[in-house]
Amino acid sequence: MQRKFRLTRSEDFKRVRRFGKSYAHPLVVLIAQTNDEAQLRVGVAAGRTVGTAVKRNRAKRLMREAMRSLIPNIAPGWDLILIARPALLSSTLTEIRETLLTLLRRAELVSPTDAT
RNA sequence: CAGGCCGGUCAGGUGAUCGCGGUCCGCGCAUAGGCGUUGGAUCGAGGAAAGUCCGUACACUGCAGGGCGCGACGCCGGGGAAAUCCCGGGAUGGAGUGAUCUAUCGGAUUGGGCCACAGAAACAAUGCGCCUUCAUCCCCGACCCCUCUCCCGUUGGAGGGGAAGAGGUGAGGGUAAGAGUGAAAUGGCGGUGUAAGAGACCACCGGCGUUCACAGCAAUGUGGACGGCCAGGCAACCCCCGUCGAGUGCAAGGUCAAGCAGAGACGAUGGAGCGGCCCGCUCCUAUAAGUCUCGGGUAGACUGCAUAGAUAGAUGAUCACCGGAGCGAGGCGGCAGGGAGGAAGCUUGUGCCGAGCCGAAAGGCGAAGCAUCUGCGUAAACCUGCGCGCCUUGCUUUACAAAAUGCGGCUUAUAGACCGACCUGAGGU
RNA sequence: GCCCAUGUAGCUCAGUCGGUAGAGCACACCCUUGGUAAGGGUGUGGUCGUGGGUUCAAUUCCCACCAUGGGCU
């Protein structure tokens, strides 16, 4: 996932988590909030409950890899945060991609007819 | 072969496709710096990157020098910038059959404190006991006498009296042998000695101090001589001695610097003076908007920062093949036992036969062969077993864990594999 | 990343110049009441976070590890 699609600044994280709307799932939690730019930005996070540093890094990599192929189908102008949950580590990449797609449809960021 | 122990090394591999971060080059847009690249090259996690327990570089702050206080360390030699570091050695213990592993390391008679319970007493001694002197007495007791009781006597029971004294009580003295308590009790054992005892004295042993010789760079070890007879434990309690140590930490610090606030200059205007008036000039007070300058400095950016070098934090995903480990199945081989009371082969004796040789003759010698006997003794088919090797195949499994200033250590976590030295056990030769 | 603090009964906490750990609430039983609550009494309940070490003896002293909480930012 290229760096221009990343959400990097700490203030942006605070803003999205404070005002955004969240969608929960056993594997990941999605938080979405509109921004002032015509760009989609995604941030990933894995808390201490996921595990050690190795497990947290792997969780974030899996979420970024799953998100990479979905980016072209998502409407621009949104800031998203993906938060990992412990069950994510025992899932395959395909399952995570399906989960993210489900969450994005619930948030109405991707049209239901788009199939990947 | 199995298990162990010590030292060292490694920490799955290859390929394809899709992707991530840095640097350099090219290109495009901008055009000093920057942004973007379906372009190319190259680099891109660990032995512990972890815990943050030590030390250090580096940075800022403080500091003439010294002292107090606080903290760390403490056998010897070497390495090292230093270290709660490493290597080797020493002493005293502990674990293991063993290879080997492991703990501790200045000072405790001469500063203070503590040693619960128990015990006379916890470092100081006479409560018990032992010995002895004096006084006193029947409270206790041996012994004697009397009375009552019982069944005649012996005996027994109760009461009273006497009593030398070795008994009781009291006072004084000597004594650390003894029991008992405890984690720990004044060195052990034997003898001499004594009223009873005692290193009071003696021999041996242990320990302490002084000293000599030898070995070793040293810690220390071995042996001898002399001395006084004996000194409890705790310094991971305070303390004493010696050595060393400023504080804070890269979120340190440095550079640039929006905004906001501050200071200064210019500044329309007001007042005063010069002047007849205007312009103009000078001075003073206050000051709106605005412009400019200044130092400090927040957000932020850059740097600090590295032949990985990020700043929501880069090494991944999918597929295929090949590996490693464990368990199971099959095949081939190897080894062991049976086969083997031993084929073959070699060998000893005897008999038969007998080429040939010697001799005048009688006769003698005699290779090979056959039969039988004695001894030595190898293999195969086949059967059985195997904690052995290789191959094929199925299932399972393939660790602990990821840099954020660098470096030297320590500690902790870790599937397994390989190399070398050694130990123990079992089997075979 | 750096710097601190705390782990003791089911819960909240005491206890330390080393000597076998307690309080309140809770729980069980008894008394009290016609019954309940309150009150009173008795009792149960502890590897003192884990593992080593010093010591005759460790919750306490020393070392390592684990967990939880907080501060700087």
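Within every chain, numbering begins at 1; the chains are lettered A, B, ... in the order of the sequence lines, protein sequences first and strands thereafter. No experiment lies behind these values; they were computed from the predicted model shown. Keep in mind that the numbers below use all heavy atoms, side chains included, and drop hydrogens, waters and symmetry copies.
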I'd like the C1' distance from B/C105 over to B/C75, given in whole Å.
6 Å
Atom CZ of A/Arg68 to atom P of B/U318: distance rounded to whole Å?
13 Å
Measuring to OP1 and OP2 of B/A317, would you say a side-chain N or O of A/Arg58 lies under 4.0 angstrom away?
yes
Let's see if you can work this out: which of B/G313, B/G19, B/A312 has an atom nearest to the side-chain heavy atoms of A/Lys60?
B/G313
For the P atoms, the ones on B/C386 and on B/G330, what distance do you get once it is rounded to whole angstrom?
13 Å
Measure the distance from CD1 on A/Ile81 to P on B/G313 and round it to the nearest whole Å.
12 Å
Give me syn or anti for B/A45, where syn covers glycosidic angles within 90 degrees of 0.
syn
Heavy-atom distance under 4.5 Å between the side chains of A/Leu88 and A/Ile96, does that happen here?
yes
Under 4.5 Å between any side-chain heavy atoms of A/Val28 and A/Thr99, yes or no?
yes
Should A/Arg61 be listed as having a side-chain N or O under 4.0 Å from OP1 or OP2 of B/U315?
yes
How many whole angstroms separate atom CZ of A/Arg56 from atom C1' of B/A49?
14 Å
Both distances below 3.5 Å, Watson-Crick or wobble geometry, any strand: find the nucleotide opposite C/G24.
C/C11
Between B/G324 and B/G13, how far apart are the C1' atoms? Round to whole Å, please.
11 Å
Atom C1', compared across B/G180 and B/U154: separation rounded to whole Å:
47 Å
N/O donor-acceptor pair under 3.5 Å between A/Arg97 side chain and A/Met63 backbone
no
Evaluate side chain to side chain contact (heavy atoms under 4.5 Å, CB included) for A/Leu30 paired with A/Leu82, printing each intermediate quantity in order.
CA-CA 5 Å; A/Leu30 171 72; A/Leu82 303 174; 3.4 Å; yes
Is there a side chain to side chain contact (heavy atoms under 4.5 Å, CB included) between A/Leu103 and A/Arg106? Walk through the geometry before answering.
CA-CA 5 Å; A/Leu103 286 172; A/Arg106 280 171 55 190; 3.7 Å; yes
Across every strand shown, the nucleotide meeting Watson-Crick or G-U wobble geometry with C/C65 (both distances under 3.5 Å) is C/G49
So what's B/C395 paired with, Watson-Crick or G-U wobble, going by both distances under 3.5 Å?
B/G326
Whom does B/U311 pair with, Watson-Crick or G-U wobble, provided both distances fall under 3.5 Å?
none
Taking a pair to mean Watson-Crick or G-U wobble geometry with both distances below 3.5 Å, C/U54 pairs with none
Euclidean distance for C1', B/C238 against B/G107 (whole angstrom)
15 Å
If only atom types and distance count, is the side chain of A/Arg85 paired as donor or acceptor with the main-chain N or O of A/His25 below 3.5 Å?
yes
For the C1' atoms, the ones on B/G93 and on C/C65, what distance do you get once it is rounded to whole angstrom?
27 Å
Given that both distances must come in under 3.5 Å, which nucleotide forms a Watson-Crick or G-U wobble pair with B/G3?
B/C423
Distance between the P atoms of B/C244 and B/G188, in whole angstroms?
47 Å
Among the nucleotides B/A317, B/A401, B/A312, whichever has the atom closest to the side chain of A/Leu93 is B/A317
Nearest whole Å is fine: how far is B/A404 P from A/Asn57 CG?
12 Å
Return no unless some side-chain N or O of A/Arg64 is found under 4.0 Å from OP1 or OP2 of B/C18.
no
Whole angstrom is fine here: how far is it from CG in A/Leu89 over to C1' in B/A317?
15 Å
Mind telling me if B/G216 is syn or anti? Syn here is a glycosidic angle within 90° of 0.
anti
Determine, stepwise, if the pair A/Met67 / A/Val44 fulfils side chain to side chain contact (heavy atoms under 4.5 Å, CB included).
CA-CA 10 Å; A/Met67 205 61 197; A/Val44 296; over 6 Å; no
How would you label the glycosidic angle of B/A200: syn (within 90° of 0) or anti?
anti
Side chain of A/Glu65 only, please: which of B/A401, B/G316, B/A314 is the nearest?
B/G316
Where does B/G342 land, syn or anti, given syn is within 90° of 0?
anti
To the nearest angstrom, how far is A/Arg97 atom CZ from B/C18 atom C1'?
10 Å
What interatomic distance, in whole Å, is found between C1' of B/G207 and the corresponding atom of B/C214?
24 Å
Compare every heavy atom of A/Leu62 with every heavy atom of A/Leu93, then report the nearest pair and how far apart it is.
CD1-O, 3.9 Å
Any strand, both distances under 3.5 Å, Watson-Crick or G-U wobble: B/G366 pairs with none
Just how far, in rounded Å, is P of B/G313 from CG of A/Leu82?
12 Å
Paired with B/C128 by Watson-Crick or G-U wobble geometry, both distances under 3.5 Å: which nucleotide is it?
B/G178
5′-ward residue of the pair A/Ala45/A/Leu62 relative to RNA chain B
A/Ala45
